[in-house]
K.L.:
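Pasting in a structure now, in structure tokens, and then I'll have a few things to ask.
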Amino acid sequence: MGPTRIRWLVVVFAVIAVATAAVLKGVYSTLPPLPWSAVPTLLLIAVAEVYLGLNFRARIQRKPHTRPVEPLVVARVVALAKATAYAGSGFAGIFAGFAVIAAGLLDKPAPRQDAIVAGGTLLAALVVVGAALFCEYCCRVPPGEDDKDGTPAAPDTDPFHNS
């Protein structure tokens with residue numbers, strides 16, 4: 001599993017934003033107002049991702065007063081961070097589509113409120129993406145003392161062939 005590619009997050013964001021705006025052109029007037037509750041929810045998710053990343057970084061670097069972490073647990077946290085980054089990018093695309101449509105109708109009070117909520121939620125979703133990328137970065141294993149260039153050191157002996 002490689003690191004998350006920013007370009008794919010941008011592609012997800014752009015495709016979902018365009019699709020959302022296209023769908024909303026026809027049905028926006030029939031929808032209820034956007035709830036503001038997504039903003040604190042997304043920000044709580046971002047705080048959890050940052051905390052998780054900092055915690056795992058300290059454990060991977062074997063800082064004092066921390067327990068070592070199992071490699072499989074780190075892999076699971078990385079998978080969670082990658083999924084959160086893509087989900088955050090998708091949510092950002094949805095609310096960018098809402099913001100674009102609502103921005104065209106700012107002379108009415110309901111779309112004005114929706115534009116504010118969509119903008120805030122868009123920013124919160126981008127914070128989630130950043131937090132997820134930070135968490136993924138924190139789970140990287142630092143290079144060992146043997147390999148200063150960042151590549152894994154080759155084993156000295158093959159454990160399956162004793163010669």
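Keep in mind it's a predicted model, so treat the numbers as computed, not measured.
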K.L.:
Can you get from V10 to L133 by hopping between Ile, Leu, Val, Met, Phe, Trp and Tyr side chains that sit under 4.5 Å apart?
P.N.:
yes
K.L.:
Under the 3.5 angstrom rule, does the side chain of K25 hit a backbone N or O of I101 as a donor-acceptor pair?
P.N.:
no
K.L.:
Can you establish whether the number of heavy atoms outside R76 located under 6.0 Å from its atom CZ is more than 12?
P.N.:
no
K.L.:
If I compare all heavy atoms of K82 with all of G2, which pair ends up nearest, and what's the gap?
P.N.:
NZ-O, 2.9 Å
K.L.:
Could you pull out the closest heavy-atom pair between A131 and A46, with the gap in Å?
P.N.:
CB-O, 3.5 Å
K.L.:
Looking at every non-hydrogen atom in both residues, tell me the closest pair between L42 and A124 and how far apart they are.
P.N.:
CB-CB, 3.9 Å
K.L.:
Enter the distance from C138:SG to R59:CZ here, rounded to the nearest 0.5 Å.
P.N.:
13.5 Å
K.L.:
Where do V117 and F95 land on the side chain to side chain contact (heavy atoms under 4.5 Å, CB included) test, with the steps shown first?
P.N.:
CA-CA 9 Å; V117 171; F95 287 100; 5.6 Å; no
K.L.:
Look at the side-chain heavy atoms of Ile, Leu, Val, Met, Phe, Trp and Tyr, link any pair under 4.5 Å apart, and say whether Y86 and V15 land in one connected group.
P.N.:
yes
K.L.:
I'd like to know whether CZ of F91 has more than 12 heavy-atom contacts from other residues, nucleotides or ligands below 6.0 angstrom.
P.N.:
no
K.L.:
Same cluster for L9 and I94 if Ile/Leu/Val/Met/Phe/Trp/Tyr side chains link at under 4.5 Å?
P.N.:
yes
K.L.:
Hey, is the main chain of I16 close enough, under 3.5 Å, to the side chain of T20 for a donor-acceptor pair?
P.N.:
yes
K.L.:
V74 versus V141: any side-chain heavy-atom pair under 4.5 Å?
P.N.:
no
K.L.:
Would a distance-only check, ignoring hydrogens and angles, find a side-chain to backbone donor-acceptor pair under 3.5 Å from S89 to A85?
P.N.:
no
K.L.:
At their closest point, which heavy atom of P3 faces which heavy atom of E136, and how far apart are they?
P.N.:
CA-OE2, 3.0 Å
K.L.:
Hydrophobic cluster membership, with links at side-chain heavy-atom distances under 4.5 Å among I/L/V/M/F/W/Y: are V12 and L126 in one?
P.N.:
yes
K.L.:
Closest heavy-atom contact between A96 and L122?
P.N.:
CB-CD1, 4.1 Å
K.L.:
To the nearest 0.5 Å, what is the distance between CG on L52 and CG on L54?
P.N.:
9.5 Å
K.L.:
Going hydrophobic residue to hydrophobic residue with side-chain gaps under 4.5 angstrom, can you get from V129 over to F98?
P.N.:
yes
K.L.:
Out of I45, L43, V39, which one pairs with V127 under the side chain to side chain contact (heavy atoms under 4.5 Å, CB included) rule?
P.N.:
L43
K.L.:
Passes side chain to side chain contact (heavy atoms under 4.5 Å, CB included), C139 versus F56? Steps please.
P.N.:
CA-CA 6 Å; C139 289; F56 270 77; 4.1 Å; yes
K.L.:
Main chain of R57, side chain of R140: is a donor-acceptor contact present, judged purely on distance under 3.5 Å?
P.N.:
no
K.L.:
Between V77 and V69, is the side chain to side chain contact (heavy atoms under 4.5 Å, CB included) condition met? List the steps.
P.N.:
CA-CA 11 Å; V77 170; V69 64; over 6 Å; no
K.L.:
When rounded to the nearest 0.5 angstrom, what distance separates CG in L34 from CD1 in I116?
P.N.:
11.5 Å
K.L.:
About how many Å separate OG of S29 and CG of L24, when rounded to the nearest 0.5 Å?
P.N.:
10.5 Å
K.L.:
What heavy-atom pair brings D114 and P33 nearest, and what distance separates the two atoms?
P.N.:
OD1-CA, 3.6 Å
